[in-house]
Amino acid sequence: MYVLFTLLAGLAILPFLVYIRFPYFLHDLRYILSGIRLSTRIGIYSSRKPCYTILDRFLDRVKRHPHKKFIIFENDVYTYQDADRQSNKVARSLSQHAELQEGDVVALFLGNEPAYVWLWLALAKLGCVPALINYNIRTKSLLHCFSCCNAKVLIAAAELKDAVLEVLPALKEQNVSVFILSKDCDTGDMESLADKIEKASDEPLSPAPKTNLTIKSPAMYIYTSGTTGLPKAAIINHQRAWLASCMQTLAGVRADDIIYVYLPLYHTAGFLMGLTGAIDQGITVVLRRKFSASQFWNDCRKHNVTVIQYIGEIMRYLCNTPKKDTDRTHKVRLAIGNGIRGDTWSEFLQRFGNIHICECYGATEGNTGFVNYVGKVGATGRVLPLLKKAVPFALIKYDTERGEPVRDSKGFCVEVPTGEAGLLVAKITKTAPFTGYANNSQQTEKKRLRDVFEKGDQYFNSGDLLKMDEEGFIYFQDRIGDTFRWKGENVATTEVTDVLVMLDFIEEANVYGVKVPGHEGRIGMASIKLTEGMEFNCSATHEHVKAYLPSYARPRFIRMQSSLDVTGTYKQMKVKLAEEGFDPSVTDEAMYFLEENEGYIPMTKDIYNAITEGSRRL
Ligand SMILES: *[C@@H]1O[C@H](CO)[C@@H](O)[C@H](O)[C@H]1NC(C)=O
Ligand SMILES: *[C@@H]1O[C@H](CO)[C@@H](O)[C@H](O)[C@H]1NC(C)=O
Ligand SMILES: *[C@@H]1O[C@H](CO)[C@@H](O)[C@H](O)[C@H]1NC(C)=O
Ligand SMILES: *[C@@H]1O[C@H](CO)[C@@H](O)[C@H](O)[C@H]1NC(C)=O
Ligand SMILES: *[C@@H]1O[C@H](CO)[C@@H](O)[C@H](O)[C@H]1NC(C)=O
């Protein structure tokens, strides 16, 4: 009897023991199961001939729930059926007025609006491949993006006509057809498209032959946001498109959710994780032209949004808005994205309520990714030893000064110990391929790291420093370009930024390293945007950085800017600022210099000369 009793008691506390030992057991199990279901699903899609694409998924959704709301934009609502019909009209007018063949590349140059979705669907129906061009780029960069994927046709928004006119002669030389999404067009070398769409029938076209379509065929080109140099066109094949779209499933999006998409559709986050992910789930998308901190929650309330996306600084922008009584009045239950820092994460939850934040890590062209499905504050992902076997990756020692991985005496890379930051590299295999950049073998090669752990192996170089803790959580540390070295010490720009924005008069800070003649490495500099109505307090800043930062990490120069430039994905632009450096004559903006014993003093041409001539030591 006693034996039986202890046995029963033992069984009863077993789950409890498992919980103590493996607190994330259930989360892990759920994640693994959903991962297995997903790879089975994508396996089935690949084995079909022709393969099953997101367009096929969309058409199935139209059949299943034609009258469900698909896109809500400003005051317009479009059902799944409306979208199908609209895209038929677009496909018909394009096939009639542009000589398109299966596999041709068509560049889309427009902002977030429903037409973006119709155009993409229409191109997919015609078997063509869209190149999603960032609408902020101009001239040389625009031409580069256009030609590196060998596009035949350019379709641009009416409001971007001037940008197109700048490059029109060059496009015409390459016999490119240019369409403008307006009802008429007075420029001879371009054609209007909106009028042609309006007149076209909404009947489906006879399906494109798709004879050669496989899961490895390109589905689209997405440009990686270049904080340096010209953008590169990542080739997104159907498999990658599926993988990114399935992020919503992994994050726990359900069929009754409503997602808010305000990130640009020309990037992976907006297009694949937002739009096509929503099609996979068959849910409603509230589409917005641009992020607006003041309208964000109003939009969520008005449309009963349940899922939001975030990236980079957005969460901090939201936390920086004035507090309101209605901060917690909304239905948002899930936020999916990347790049939220630990302190903002806690502040966000405290302020806006119980929202599950699903932070994930991945690159548009990368061959690996992590998901923090547990919601552990600060971590960008979780890795189970099991999964590490399936998709081999490593965090390796990196020499920031020389800008390359550390190699041992045999010439191989060295993994960092648990808890230390290392460069993330992921083995390139059949199941984790690296498709590279279109027409840019040089940049493609640069991302490949060879002979990492044995002769002849190949790894994708993420360019990111991450660290892993003992529980298997992965933390983003820095982008390689975001670290500089001064006086033999590494300075992580994000860390310095975090310290600066603790001051109430500094709303935003962008920290970077600048070269000083006669010195190794780079010295710290910060561009800051002041909080409205407040002034820069030299002595408070000095005391603060002295209290929080080692001397080598303190910004020696501070530059005031009325706004800080960011890329389309809200990453800070550093390269141009770093090149302009601390020469006060390059700008009208005020600059300060940190004099070791005095604190921040206004920067002058004399100080600049003394530093560059070496008469003033740093
Ligand atoms: C590659 O790009 C260059 C210019 O960027 C262009 O002239 C060339 O036609 C492109 N080649 C292909 C195959 O797309
Ligand atoms: C453009 O088209 C013209 C006439 O159709 C042809 O002569 C020319 O070779 C083409 N140019 C290019 C770069 O394809
Ligand atoms: C399909 O592939 C075959 C053989 O690789 C090729 O001859 C044919 O031109 C391709 N068709 C299309 C439409 O690309
Ligand atoms: C949002 O939800 C409420 C209650 O669930 C409902 O009354 C309202 O009509 C919904 N709003 C929209 C725009 O669907
Ligand atoms: C600047 O900060 C110091 C505290 O560090 C404070 O005593 C001083 O009043 C501030 N100056 C202005 C102009 O706000």
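Because the structure is a prediction, the values reported are computed rather than measured. In listed order, ligands and their atoms are each counted from 1.
- Here is the list of ligand 4 atoms found below 4.0 Å of a heavy atom in N304: 1 (C), 2 (O), 3 (C), 8 (C), 10 (C), 11 (N), 12 (C), 14 (O).
- Between D256 and R254, at least one side-chain nitrogen of the basic residue sits less than 4.0 Å from a carboxylate oxygen of the acidic one, meeting the salt-bridge criterion.
- Atoms of ligand 5 found under 4.0 Å from any heavy atom of A540 (numbered from 1 in listed order, with element): 2 (O), 5 (O).
- Using a 4.0 Å cut-off between charged side-chain N and carboxylate O, E203 and R92 make no salt bridge.
- The atoms of ligand 5 that sit less than 4.0 Å from any heavy atom of E543 are 5 (O).
- Within a 4.0 Å radius of atom 5 (O) of ligand 4, the protein contributes at least one heavy atom.
- Side-chain atoms of R333 do not come within 3.5 Å of backbone N or O of T306 as any donor-acceptor pair.
- Distances from atom 13 (C) of ligand 4 to the heavy atoms of K331, R301, K302 put K302 nearest.
- No side-chain donor from either of N88 and R85 sits under 3.5 Å from a side-chain acceptor of the other.
- For atom 1 (C) of ligand 5, the nearest protein heavy atom (residue, atom name, distance) is N537 ND2, 1.5 Å.
- For the 3.5 Å distance criterion, the side chains of Y266 and N112 fail to qualify, holding no donor opposite an acceptor.
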